[in-house]
Amino acid sequence: MERVWTVTDSMGNMHQIMFKKGFGGAKCIVDGDTYKMKSKNWVIWMADHQISIPGAECNLVVIGNKIRLAVNGTYLEDGTPYEPIRNIPTWLNVLVGINAVIAVFMFGMIGLAIAVLLDLLTYKLSLSQKNSIALVIQIVLLVVVLGGGIAILTAA
């Protein structure tokens with residue numbers, strides 16, 4: 001996965017910013033200088049890398065497969081204002097892991113597919129500062145998976 005932008009600083013100089021993600025990890029390359037990027041989360045790939053160019057403050061924001069560049073507080077793609085990415089709460093990562101494991105053991109691949117879809121929804125909600133809705137979805141999923149699994153085990 002690779003994205004390239006060209007940014008002009010306050011003196012009219014052109015700078016090339018490139019994002020590459022591959023087997024060696026993720027890298028931000030600014031005018032040929034390479035910087036390694038690390039994810040802020042162990043479940044979903046999230047990074048917010050600040051790039052200092054004379055006369056321009058840039059932020060390379062990566063969430064999953066969505067890669068965006070903000071220059072002087074505005075995203076280049078759509079002109080929306082830049083907001084730093086928020087950390088995913090630890091409780092959400094724990095519930096996601098528990099639900100995925102239980103769903104696989106109780107319902108197999110169909111359970112895993114449903115859990116993954118709901119997990120993606122809860123991550124999106126959490127990044128939008130809707131943590132209470134994300135918590136409710138994960139708890140309901142846990143109750144349904146445990147209840148359904150127990151019902152299947154007692155019926156057998």
Side-chain angles (χ1 to χ4, degrees), residues 1-101 103-104 109-145:
M1 177 179 352
E2 182 177 309
R3 292 278 312 262
V4 179
W5 300 269
T6 302
V7 177
T8 306
D9 65 14
S10 60
M11 295 179 274
N13 299 326
M14 304 285 277
H15 300 275
Q16 184 181 35
I17 299 173
M18 182 185 305
F19 172 79
K20 279 187 174 185
K21 187 174 179 186
F23 292 111
K27 298 180 255 183
C28 174
I29 303 169
V30 181
D31 295 332
D33 297 329
T34 302
Y35 305 94
K36 286 194 173 200
M37 295 178 66
K38 289 186 179 180
S39 178
K40 291 184 173 187
N41 190 289
W42 55 274
V43 176
I44 187 170
W45 215 94
M46 296 175 30
D48 190 344
H49 184 74
Q50 189 170 10
I51 303 164
S52 293
I53 296 174
E57 275 302 312
C58 302
N59 290 83
L60 181 58
V61 179
V62 182
I63 301 175
N65 288 330
K66 191 174 184 180
I67 306 160
R68 302 172 78 192
L69 182 69
V71 178
N72 295 328
T74 305
Y75 285 108
L76 293 179
E77 292 84 18
D78 55 7
T80 57
Y82 162 76
E83 290 184 25
I85 58 173
R86 296 165 183 85
N87 288 332
I88 301 288
T90 304
W91 58 262
L92 181 57
N93 291 328
V94 171
L95 281 173
V96 163
I98 291 170
N99 283 336
V101 169
V104 168
M109 296 312 279
I110 292 173
L112 179 63
I114 292 169
V116 165
L117 289 174
L118 288 174
D119 294 343
L120 291 173
L121 173 65
T122 56
Y123 277 121
K124 185 173 182 173
L125 289 169
S126 179
L127 288 170
S128 301
Q129 294 266 339
K130 297 177 183 171
N131 288 330
S132 57
I133 299 171
L135 178 64
V136 168
I137 290 172
Q138 285 297 314
I139 289 175
V140 167
L141 177 62
L142 182 63
V143 168
V144 168
V145 168

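Basis for what follows: all heavy atoms, side chains included, without hydrogens, waters or symmetry-related copies. FYI, the numbering just counts along the sequence from 1.
Counting only heavy atoms from C-beta outward, the side chains of E57 and V71 never approach each other to under 4.5 Å. The shortest distance between side-chain heavy atoms of V96 and Y123 falls below 4.5 Å. Looking at I17 and H49, their side chains never come closer than 4.5 Å, going by heavy atoms from C-beta outward.
Taking CG from N41 and CG from N93, the interatomic distance works out to 4.5 Å, rounded to the nearest 0.5 Å. Within the model, atoms NZ of K40 and CD1 of I88 stand 11.0 Å from one another, a figure rounded to the nearest 0.5 Å. To the nearest 0.5 Å, atoms OH (Y75) and CD (E83) are separated by 7.5 Å. With rounding to the nearest 0.5 angstrom, the CZ atom of R68 is 11.5 Å from the CG atom of D48. From M18, atom CE reaches atom CG of L69 across 13.0 Å, with rounding to the nearest 0.5 Å. With rounding to the nearest 0.5 angstrom, the CE atom of M14 is 4.0 Å from the OG1 atom of T8.
Under the 4.0 Å criterion applied to side-chain N and carboxylate O atoms, E77 and K66 are not assigned as salt-bridge partners.
Paired with I137 under the rule side-chain contact (heavy atoms from CB on, under 4.5 Å), one option of L118, D119, N99 passes, and it is L118.
In terms of heavy atoms, S10 sits closest to G55 at OG-CA, 3.5 Å. Contact between C28 and I51 at its shortest, heavy atoms only, is SG-CD1, 3.6 Å. Residue A115 comes nearest to L141 through the heavy atom pair CA-CD2, 4.1 Å, listed as atom of the first residue, atom of the second, then distance. For M37 against A47, the heavy-atom pair with the smallest separation is CE-CB, 3.7 Å. Contact detail for V7 and C58: the closest heavy-atom pair is CG1-SG, 4.3 Å. P54 approaches D9 most closely through the heavy-atom pair O-CB, 2.8 Å.
Around the CD1 atom of I110, the shell of radius 6.0 Å holds no more than 12 heavy atoms that belong to other residues, nucleotides or ligands. The number of heavy atoms from other shown groups lying within 6.0 Å of CG (D33) is above 12. Heavy atoms from other residues, nucleotides or ligands lying under 6.0 Å from NZ of K27 number 12 at most.
The backbone N or O of M46 lies less than 3.5 Å from a partner atom in the side chain of S39, making a donor-acceptor pair. Checked by atom type and distance alone, the side chain of R3 pairs as donor or acceptor with a backbone atom of I67 at under 3.5 Å.
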- Task: Apply the test side chain to side chain contact (heavy atoms under 4.5 Å, CB included) to residues T6 and H15: give CA-CA distance (whole Å), side-chain angles for both, the deciding distance (0.1 Å), then the verdict.
- Result: CA-CA 6 Å; T6 302; H15 300 275; over 6 Å; no
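Applying the side chain to side chain donor-acceptor pair (under 3.5 Å) test to N131 and every residue at least two apart in sequence or in another chain returns S126.
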